[in-house]
Number of protein chains: 2
Amino acid sequence: MRYRRGDIVERAVEVLDRYGLADLSMRRLAAELGLQPSALYHHFASKQELLAAVADDLLERGRRPSDDDVPWDVAVVAAGHALRDAMLAYRDGAELIATVQAFGLGRVSPLVPLVRAVDRGGFGPELARAAATTILHFVFGHVSEEQAHLQASSVGAIGDDAPVGADAASFDLGLSLILDGVRQHRPAPSEH
Amino acid sequence: MRYRRGDIVERAVEVLDRYGLADLSMRRLAAELGLQPSALYHHFASKQELLAAVADDLLERGRRPSDDDVPWDVAVVAAGHALRDAMLAYRDGAELIATVQAFGLGRVSPLVPLVRAVDRGGFGPELARAAATTILHFVFGHVSEEQAHLQASSVGAIGDDAPVGADAASFDLGLSLILDGVRQHRPAPSEH
DNA sequence: ACCTGAACACCGTTCAAGT
DNA sequence: ACCTGAACACCGTTCAAGT
């Protein structure tokens, strides 16, 4: 059985979704593919590189075309929701994407669509970048917590006893809080 | 050699700071203490529980008394800085604290001082909680990235070539952006 | 180019038994 | 109460060799 890089990433996503990040080991993935573990090192230099490729794949699957016919803040909210959806679409997706990005791995940047959207508000590059990274960190933190709780309650225990804390409503609230802050800053003078 | 829980946590913090989170294994820690790995399981039910205790210890070491003689937003900034300092004080502290908190482990809550501070602004409990968690997620994300870059540049490579991205100035900028957003919301009517 | 087979140096955790 | 000794079921990674 001969595989290409993409085939292996695809299968890794399946293993991730079915068994979780903790059980996505090189040996397990190899077994799933009917390969020796060492065969994976022909395609990826390390497990880190494999996980970065998987995270990139999840981000690509969640990609949406940017809507430029809409106010900048609506576009920011849309970009935030698109990222959240991509993180929630597969088991442990939030943790994986957040970790890969925190370590600076990964070729697909979740920051770019946010910067693009904020930039349309005409606040200037410095504030656009600061606002976008603030939003990105908020999204990573919020959705990671959201998914952790989702999984804890799906696996377990007493059920709806624990306080929710992180859900879609509080996501929107946090996001709008940051946008309210961004709006306080005067737009930089426009060129045209 | 007979140890108590606290002794083991203390030594774990040393191992963390010297060798990093990846090398803080149960076997390594046991060797450092002159114990068999199994001995640790007399004190901690699992590695997760040990790591939660270490994260709690880091948060406790960074604790500051809340200053109530100062405007609410100054208190929020102070609480944010205290948390950031606690995360940066030891190697991989940011990643450890953020992970432990994301999984809902840990008895020391970094959220409480933030909620306390925002609450003094009189915005009501719902907004106070939303603002505090938004800030918490921002702090976790920002400082994790900050520490990852610090470590990458200390270990390595060409030096100051890479863009900084996350530093003390952008931390303050992000924090003030969120505070600007919070200020937009009318304080709830006060009791006195 | 892609894979096998075997090995190296590790892990977290359990459990009977010791003091 | 706290620890030893031994075992179980795993890891990521390397490397010579095969096709």
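Keep in mind the model is a prediction, meaning the values are calculated, not measured.
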field: Arg2(B) or Ala39(B), whichever maps to the more 5' nucleotide of DNA chain C
entry: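 Result of the comparison: Ala39(B).
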
Could you state the atom-to-atom distance from [atom1] of [X] to [atom2] of [N] in whole Å?
{"X": "Leu29(B)", "N": "dG12(C)", "atom1": "CG", "atom2": "P", "answer": "10 Å"}
{"X": "Leu50(A)", "N": "dC11(D)", "atom1": "CG", "atom2": "C1'", "answer": "15 Å"}
{"X": "Leu35(A)", "N": "dA1(C)", "atom1": "CG", "atom2": "P", "answer": "18 Å"}
{"X": "Lys47(B)", "N": "dC11(D)", "atom1": "NZ", "atom2": "C1'", "answer": "12 Å"}
{"X": "Leu24(A)", "N": "dC10(D)", "atom1": "CG", "atom2": "P", "answer": "16 Å"}
{"X": "Leu33(B)", "N": "dC2(D)", "atom1": "CG", "atom2": "C1'", "answer": "13 Å"}

Please figure out whether Ser38(A) or Met1(B) has its closest DNA chain D nucleotide nearer the 5' end.
->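 Closest to the 5' end, via its nearest nucleotide, is Met1(B).
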
**Asked** Picking from Val100(B), Val108(B), Ile97(B), Asp17(B), what satisfies side-chain contact (heavy atoms from CB on, under 4.5 Å) with Leu58(B)?
**Response**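 Single side-chain contact (heavy atoms from CB on, under 4.5 Å) partner of Leu58(B) among Val100(B), Val108(B), Ile97(B), Asp17(B): Ile97(B).
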
Do any side-chain nitrogens or oxygens of [X] fall under 4.0 Å of OP1 or OP2 in [N]?
{"X": "Gln36(A)", "N": "dG5(C)", "value": "yes"}
{"X": "His43(B)", "N": "dA1(D)", "value": "no"}
{"X": "His42(B)", "N": "dT4(D)", "value": "no"}

Original post:
Taking the same atom, C1', in dA9(D) and in dC10(C), what whole-Å distance lies between them?
Top reply: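 Comparing C1' positions in dA9(D) and dC10(C) gives a spacing of 14 Å.
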
Of the options [options], whose atoms approach the side-chain atoms of [X] most closely?
{"X": "Arg28(B)", "options": "dC11(C), dT13(C), dT13(D)", "result": "dC11(C)"}
{"X": "Met26(B)", "options": "dG5(C), dG12(C), dC2(D)", "result": "dG12(C)"}
{"X": "Tyr3(A)", "options": "dC2(D), dG12(C), dC3(C)", "result": "dC3(C)"}
{"X": "Arg4(A)", "options": "dT13(C), dT13(D), dC2(C)", "result": "dC2(C)"}

- Task: Report yes if some heavy atom in the side chain of Asp7(B) is under 4.5 Å from a heavy atom in the side chain of Met1(B); otherwise report no.
- Result: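 They are not in contact (no side-chain heavy atoms under 4.5 Å apart), so the answer is no.
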
Spell out, as yes or no, whether a donor-acceptor pair under 3.5 Å connects the side chain of Arg64(B) to the backbone of Ala82(B).
->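 No, Arg64(B) side chain to Ala82(B) backbone: no donor-acceptor pair under 3.5 Å.
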
### Message
Treating Ser170(B) as the side-chain partner and Asp167(B) as the backbone partner, does any N or O pair qualify as donor plus acceptor under 3.5 Å?
### Response
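Yes.
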
Secondary structure of DNA chain C per the Watson-Crick/G-U criterion (both distances under 3.5 Å; [ ] crossing, | other strand, . unpaired) is ||.|||||...|||||.||

Ring geometry between Phe171(B) and His142(B) (parallel below 30°, tilted from 30 to 60°, perpendicular above 60°):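 Rings of His142(B) and Phe171(B): perpendicular, as their planes differ by over 60°.
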
Point to revise | CD1-CD1 distance between Ile135(A) and Ile178(B), expressed to the nearest 0.5 angstrom | key: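 Result: 9.5 Å between the selected atoms.
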
Item checked: Qualifying residues under side chain to side chain contact (heavy atoms under 4.5 Å, CB included), relative to Val112(B), sequence neighbours excluded ->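 Counting only residues at least two positions away or on another chain, Val112(B) forms a side chain to side chain contact (heavy atoms under 4.5 Å, CB included) with Ser109(B).
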
